[in-house]
Amino acid sequence: MRDQILGDLRPRVTALTLAARPPGLAVVLVGNDPGSQIYVRNKVKACADLGIKSESLTPPETITTEELLALIECLNQRADIDGILVQLPLPPQVDTRRVLLAVSPEKDVDGFHPMNVGNLVAGRPGPRPCTPAGIMELLRQYGIPVGGKRAVVVGRSDIVGKPMALLLLHAHATVTICHSRTADLESVCREGELLVAAMGRPAMLTADYIRPGAVVIDVGMNRIADRALAARIFRGSAERLATLDRKGSLLVGDVDPLDVQKKASAYTPVPGGVGPLTIAMLMANTVAAAERRIPTTHLPSR
Ligand code: NAP
C-alpha cells in the first residue's frame with residue numbers, strides 16, 4: 001500500500017517539476033535524539049526517492065523559542081518550500097505550541113496547526129495528521145467498513161488519538177476515546193469492533209482487551225531492550241531473543257503480538273504496519289501543498 005500511494009504521487013511530482021519546480025519540504029530537527037534522527041532520515045530518503053526537494057535544518061538542542069520562531073518565519077517566506085515539518089518532541093525550554101502555531105497553515109504538512117485542527121473538527125478540507133490519515137486509507141483500501149461500527153481509540157494525543165477519533169467519527173463510526181484515566185479499560189476495549197491502540201505501552205493490550213473478530217490497528221512503536229520483557233511478550237521465542245541480543249533492542253507495538261493473531265479478524269503488525277504509511281501520507285500532504293501553492297493553470301490537466 002505504501003508503494004502504491006508513493007507510485008500515485010510520482011506523476012504529480014513530475015508534473016509540478018515540469019511546470020515550475022519540484023515540491024519542497026523543510027524538516028526541522030532540533031538536537032540529537034537518535035529516534036528522531038531515524039524518523040527524519042527516513043523522511044528525507046522518501047523525498048529523494050520521489051523527486052521532492054528536501055532540506056534538513058538541525059539547530060542545536062539549546063535553541064530558544066524565539067530563535068526557532070525566526071527560523072520558521074524564514075521558511076514560511078521561502079517560495080521554494082511548500083511544506084514545513086517540525087520533528088517532535090522539542091526540547092523542554094522551547095514552547096512547542098508557539099512553534100506549531102508559527103508554521104504557515106498552508107505549509108503545515110503535519111496538520112498540527114490550530115487552523116487545520118479546526119478544519120479537521122469541522123470536516124473541512126485541509127491537511128490531516130499523517131498517521132491517522134494513513135490508517136483511514138488502509139481501512140479504505142482493504143474494504144474494511146467503518147460506518148456504524150463501534151470504534152475504540154486508546155490514546156488521546158493531538159498527533160494520533162484525537163485526530164484518529166475525529167476521522168473515524170467523520171466516517172460514521174461510533175467512537176469511544178480512552179486514556180490513562182479510563183476506568184475498566186479492558187471491557188471498554190472489548191466493545192471495539194475496531195480497536196486503535198496508540199498509548200506507547202509495549203504489548204499492553206492482551207487477549208482480554210480484544211473483542212473476537214475485531215479489526216486491530218496497532219500504532220505503538222516501543223523499543224524494548226529488557227530481555228525478560230521481550231521473553232514474556234514473545235513467549236520465550238529463541239528467534240526473537242537472538243534478534244534482541246544481536247540488535248540490542250526489539251520494536252514492539254501496544255498490542256500483544258501473539259494474542260492479536262488469535263483474536264483479531266485483521267490487524268496491523270509492528271514493525272511494518274502503520275509506520276511506513278505515515279511517511280507515505282507525509283509525502284501526499286507535501287505534494288498536495290505544492291499543488292495548492294503552484295497555480296494550477298501552470299499544471300497539465302490530471
Ligand atoms: P503520547 O502523546 O504519549 O500519548 C499517549 C496516550 O496514551 C495518552 O493519551 C495517554 O493518556 C494514553 N495512555 C498512556 N498509558 C495508558 C494506559 N496505561 N492506559 C490507557 N491509556 C494510556 O503518544 P503518541 O504520540 O500519541 O504515540 C502513541 C504511540 O504511537 C507511541 O508508541 C508512538 O511511538 C507511536 N506512534 C507511531 C507512529 C507511526 O507512524 N507508527 C506515529 C506516531 C506515534 P493520558 O492522555 O491520560 O496521559
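Whatever order the structure lists them in is the order used to number ligands and atoms, beginning at 1.
- The part of T131 lying near ligand 1 is the side chain, judged by heavy-atom distances below 4.0 Å.
- In this structure, V270 is not a member of the same hydrophobic cluster as Y142, with clusters built from ILVMFWY side-chain heavy atoms closer than 4.5 Å.
- Using a 4.0 Å cut-off between charged side-chain N and carboxylate O, D3 and R10 make no salt bridge.
- Shortest non-hydrogen contact noted between I5 and M281 is CD1-SD, 4.0 Å.
- Using a 4.0 Å cut-off to heavy atoms of A198, the atoms of ligand 1 that qualify are 5 (C), 6 (C), 7 (O), 28 (C).
- Salt bridge annotation for R240-D245: absent, with no cationic side-chain nitrogen under 4.0 angstrom from a carboxylate oxygen.
- For atom 20 (C) of ligand 1, the closest non-hydrogen atom of the protein is H179 O, 3.2 Å.
- When heavy-atom distances to ligand 1 are checked against a 4.0 Å cut-off, T182 has no atom that comes that close, whether in backbone or side chain.
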* To do: Please report the C-alpha distance between D49 and K45 in whole Å, then the side-chain angles of each, then the deciding distance to 0.1 Å, and finally whether the salt bridge (Lys or Arg N to Asp or Glu O under 4.0 Å) criterion is met.
  => CA-CA 6 Å; D49 290 348; K45 183 177 177 307; 3.1 Å; yes

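- Of all atoms in ligand 1, numbered sequentially from 1 with element shown, those under 4.0 Å from a heavy atom of N222 are 32 (O).
- A salt bridge is absent between D95 and R97: the closest approach of a Lys/Arg side-chain nitrogen to an acidic carboxylate oxygen does not fall below 4.0 angstrom.
- No hydrogens or angles considered: nothing links the side chains of R150 and T174 as a donor-acceptor pair under 3.5 Å.
- What sits closest to atom 47 (O) of ligand 1 on the protein, heavy atoms only, is S180 OG, 2.5 Å.
- Residue, atom and distance of the protein heavy atom nearest to atom 25 (O) of ligand 1 are S157 OG, 4.0 Å.
- Close approach of ligand 1 to L185 (heavy-atom distance below 4.0 Å) involves ligand atoms 19 (N), 20 (C).
- In terms of heavy atoms, N285 sits closest to R128 at ND2-O, 3.0 Å.
- Where the criterion is an N or O separation shorter than 3.5 Å, residue side chain and backbone included, D254 fails it with respect to ligand 1.
- No side-chain donor from either of S237 and E239 sits under 3.5 Å from a side-chain acceptor of the other.
- Ligand-side atoms of ligand 1 in range of G275: 40 (O), 41 (N), range being under 4.0 angstrom from any heavy atom.
- For the ligand labelled ligand 1, residue G161 lies outside the 4.0 Å heavy-atom shell.
- Closest to atom 36 (N) of ligand 1, if we only count protein heavy atoms, is V219 O, 3.6 Å.
- Of the heavy atoms in L277, none comes closer than 4.0 Å to ligand 1.
- Taking both residues in full, the closest heavy atoms of M221 and Y39 are given as CE-OH, 3.3 Å, listed atom of the first, atom of the second, then distance.
- Taking 4.0 Å as the cut-off between side-chain N and carboxylate O, E106 and R292 do not count as a salt-bridged pair.
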* Asked: Can you check salt bridge (Lys or Arg N to Asp or Glu O under 4.0 Å) on R2 and E137, steps first, answer last?
  -> CA-CA 10 Å; R2 186 257 326 263; E137 188 62 18; over 6 Å; no

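- Of all atoms in ligand 1, numbered sequentially from 1 with element shown, those under 4.0 Å from a heavy atom of G200 are 28 (C), 29 (C), 31 (C), 32 (O).
- The closest protein non-hydrogen atom to atom 15 (N) of ligand 1 is R201 NE, 3.1 Å.
- The protein heavy-atom contact nearest to atom 43 (C) of ligand 1 is V160 CG2, 3.7 Å.
- For R293 and D82, the salt-bridge test passes: some basic side-chain N is under 4.0 Å from an acidic carboxylate O.
- Within 4.0 Å of atom 2 (O) of ligand 1, at least one protein heavy atom is present.
- In terms of polar-atom proximity, defined here as any N/O pair under 3.5 Å, M221 does make such a contact with ligand 1.
- Considering backbone and side-chain N/O of T278, one or more are found under 3.5 Å from N/O of ligand 1.
- Nearest protein heavy-atom neighbour of atom 18 (N) of ligand 1: M204 SD, 3.5 Å.
- In this structure, the protein non-hydrogen atom closest to atom 46 (O) of ligand 1 is R156 NE, 2.7 Å.
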